[in-house]
Amino acid sequence: MTNVTDQDRVLIFDTTLRDGEQSPGATMTHDEKLEIAELLDDMGVDIIEAGFPIASEGDFKAVSEIAQRSKNARICGLARANFADIDRCWEAVKHAEKNRIHTFIGTSPLHRAIPNLTQDEMAEKIHETVSHARNLCEDVQWSPMDATRTEWDYLCRVIEIAIKAGATTINIPDTVGYTAPIESADLIKRLIETVPGADEVVFATHCHNDLGMATANSLAAVAGGARQIECTINGLGERAGNTALEEVVMALRTRNDIMPWKTGIDTTKIMHISRRVATVSGFPVQFNKAIVGKNAFAHESGIHQDGMLKNRENFEIMRPEDIGLSGTSLPLGKHSGRAALRDKLETLGYEVGDNQLKDIFVRFKDLADRKKEVFDDDLIALMSADDEANDHLQLVSMKVTCGTGGQAEATVELEVDGKDVIATEHGDGPVDATFKAIRAIYPNKAHLQLYQVHAVTEGTDAQATVSVRLEEDGMIATGQSANTDTVVASAKAYISALNRLIMRREKAGPGADAREISYKDLT
């Protein structure tokens with residue numbers, strides 16, 4: 001049996017690659033699964049549920065390869081309550097240094113009706129399948145699906161059967177996210193006190209977020225005696241998702257005064273894996289998502305920004321560095337005050353007096369009323385009395401040829417610091433060829449982070465507004481241009497963004513090489 005020797009330790013069971021991937025549209029490729037599994041293993045996840053091996057040949061191969069590659073984590077596969085599922089699961093995980101079979105069956109009245117089993121028939125099935133799994137693998141997890149809507153007496157009965165059959169972990173799923181925290185804590189506590197043999201196994205909790213209480217229910221279950229939390233990166237999962245790994249881990253770390261339980265997670269890796277999972281799953285993280293959302297460490301209110309500049313603990317209960325961020329963000333908008341504006345201008349290399357700040361602040365507020373967020377490059381434009389006249393790069397002319405006969409070709413002529421330079425490049429379409437020609441004229445290390453086209457009016461003669469965002473070393477510059485010719489607008493937007501990068505470089509100090517376009521000296 002699996003004894004809980006350290007009552008202060010909570011095992012983190014990540015099911016991003018199984019339950020998380022069951023989110024409609026979140027399917028990952030084989031290589032993406034391997035990558036995410038490696039990141040989970042590296043960050044200290046105790047158990048990785050790598051997939052549902054019998055679901056498809058692809059899932060079997062992914063679980064099998066993850067099992068062979070794992071360095072630290074225990075690798076688990078999911079199996080329904082039948083021998084074929086369990087055998088297939090074992091074939092996938094058996095090569096892992098540490099492995100686990102996770103088998104389940106729905107025990108509530110609603111779920112018993114699906115296979116049309118009586119309580120006695122289901123109890124016998126649980127005994128047979130858990131015993132079969134234990135004969136194959138020393139570590140067996142069993143879950144009574146929809147446990148929180150299962151009759152109390154029957155839930156105790158089947159858990160006792162599973163323990164006697166050899167289950168080492170008993171997982172209590174809140175399958176439909178129906179439970180409240182007080183119920184979650186009480187249920188685990190009562191099961192441990194009531195079921196014979198409960199003190200010899202690990203109790204786990206698996207909470208869905210249908211009512212927005214998954215994290216609270218998981219932490220409450222730990223308070224009731226559970227010592228394993230099932231979760232996913234970014235809370236990914238079916239319907240409203242699951243308990244989010246980053247939320248429970250940081251809650252335990254931040255409130256260890258009332259939740260004195262520990263995990264083995266390296267929290268500095270949280271933001272990186274959050275962003276990677278968002279990318280490969282296609283499920284972007286909402287801006288106001290706890291811990292990993294874009295706004296989690298961002299402060300726009302003038303009162304908050306002033307307080308943050310004086311002491312970050314005024315409005316932050318954890319450090320952004322603890323999850324792998326470089327620091328706090330003070331985005332500027334219509335709610336921002338003079339203190340935040342002055343601080344941002346200083347980071348951009350501008351020193352302004354009180355009278356100048358008053359004038360800039362008026363123009364800043366006017367701009368902020370028209371935009372959701374004011375970016376660094378907007379402030380640079382405000383500080384430049386004659387922005388275009390001082391541009392290092394200006395478009396002189398361009399000619400693009402494209403069609404079905406081969407690659408697109410773009411010839412671009414730019415004025416670079418008063419000298420005309422021409423380049424011709426080929427690319428996958430007219431915009432790609434144009435951008436390559438610009439880079440050939442003016443080599444740079446900036447990465448294209450965003451390219452968007454919006455039609456301002458309707459019809460074939462519509463004016464297109466193109467937005468380009470360039471990024472280097474975590475800092476961003478944007479450019480925008482409108483033209484009835486989308487390719488011309490694209491070229492001008494790209495050049496505008498480059499010019500703003502150059503202006504920032506010049507603000508870094510006298511004699512700086514603008515062509516390096518690096519922000520390291522500004523931070």
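FYI, side chains are in, hydrogens and waters are out, and symmetry mates aren't considered; it's all heavy atoms of this structure.
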With distance as the sole criterion, is a donor-acceptor pair present between the side chains of H132 and D87 under 3.5 Å?
yes
Do R69 and E65 sit within salt-bridge range, that is, some charged N less than 4.0 Å from a carboxylate O?
yes
Distance-only side-chain donor-acceptor flag, T107 / T150, under 3.5 Å
yes
Please determine, by modelled atom types, if S64 and Q68 share a side-chain donor-acceptor pair under 3.5 angstrom.
yes
Cation-pi, W152 ring and R190 (6.0 angstrom, 45 degrees):
yes
Decide whether a cation-pi geometry holds between R80 and F104; the criteria are a distance under 6.0 Å from NZ or CZ to the six-membered ring centre and an angle within 45° of the ring axis.
no
Would you call E49 and R100 a side-chain contact if the rule is heavy atoms closer than 4.5 Å?
no
Does some side-chain heavy atom of I163 sit less than 4.5 Å from a side-chain heavy atom of W142?
no
Between N171 and S143: side-chain donor-acceptor atoms closer than 3.5 Å
yes
With a 4.0 Å cut-off on N to O distance, would you call K164 and E160 a salt bridge?
yes
Sub-3.5 Å donor-acceptor pair from the side chain of S274 to the main-chain atoms of N234, do we have one?
no
Would a distance-only check, ignoring hydrogens and angles, find a side-chain to backbone donor-acceptor pair under 3.5 Å from N242 to C231?
no
Which atom names give the shortest non-hydrogen contact between L448 and V468, and what distance separates them?
CD1-CG1, 3.6 Å
Under the side-chain contact (heavy atoms from CB on, under 4.5 Å) criterion, do R227 and T205 qualify, and how do the steps go?
CA-CA 8 Å; R227 286 299 175 266; T205 180; over 6 Å; no
Do you know which of R18, R88, K33 makes salt bridge (Lys or Arg N to Asp or Glu O under 4.0 Å) with D59?
K33
Evaluate the side-chain contact (heavy atoms from CB on, under 4.5 Å) criterion for residues Y451 and V431: first the C-alpha distance (whole Å), next the side-chain angles of each, then the deciding distance (0.1 Å), finally the verdict.
CA-CA 10 Å; Y451 172 77; V431 174; 3.4 Å; yes
Contact between F52 and D85 at the side-chain level, heavy atoms closer than 4.5 Å - yes or no?
yes
Do T263 and I229 have side-chain heavy atoms sitting under 4.5 Å apart?
no
Without hydrogens or angle criteria, can the side chains of D31 and T29 be said to hold a donor-acceptor pair below 3.5 Å?
no
For the pair D46 and R74, evaluate salt bridge (charged side-chain N to carboxylate O under 4.0 Å, His left out) and give the outcome as yes or no after the intermediate values.
CA-CA 6 Å; D46 297 286; R74 185 174 298 276; over 6 Å; no
Assess whether side-chain contact (heavy atoms from CB on, under 4.5 Å) is satisfied between T168 and R134, documenting all intermediate values.
CA-CA 9 Å; T168 52; R134 183 56 192 267; 3.8 Å; yes
Hey, are the side chains of L187 and L191 touching, using non-hydrogen atoms and a 4.5 Å cut-off?
yes
Heavy atoms, side chains only, cut-off 4.5 Å: are E246 and K289 in contact?
yes
If only side-chain N and O atoms count, and only distance matters, is there a donor-acceptor pair under 3.5 Å linking T16 with T232?
no
Measure across V130 and V140 and return the closest heavy-atom pair with its distance rounded to 0.1 Å.
CG1-CG1, 4.4 Å
Could you tell me if the side chain of D139 sits less than 4.5 Å from the side chain of N99, heavy atoms only?
no
Intermediate values then yes/no, side-chain contact (heavy atoms from CB on, under 4.5 Å), R276 and L39:
CA-CA 9 Å; R276 195 67 193 116; L39 291 174; 4.0 Å; yes
Under a 3.5 Å cutoff, is there a donor and acceptor pairing between the side chains of D322 and T267?
no
Under 4.0 Å between a side-chain nitrogen and a carboxylate oxygen: does that hold for K189 and D186?
no
Would you check if the side chain of T254 reaches a backbone N or O of M250 as a donor-acceptor pair within less than 3.5 Å?
yes
Less than 4.5 Å apart, any side-chain heavy atom of I170 and any of V202?
no
Regarding N217 and T179, is there a side-chain donor-to-acceptor distance under 3.5 Å anywhere?
no
Side-chain donor-acceptor pair present, D120, T118, cut-off under 3.5 Å:
no
Is a donor from one side chain sitting under 3.5 angstrom from an acceptor on the other, for T169 and Q141?
no
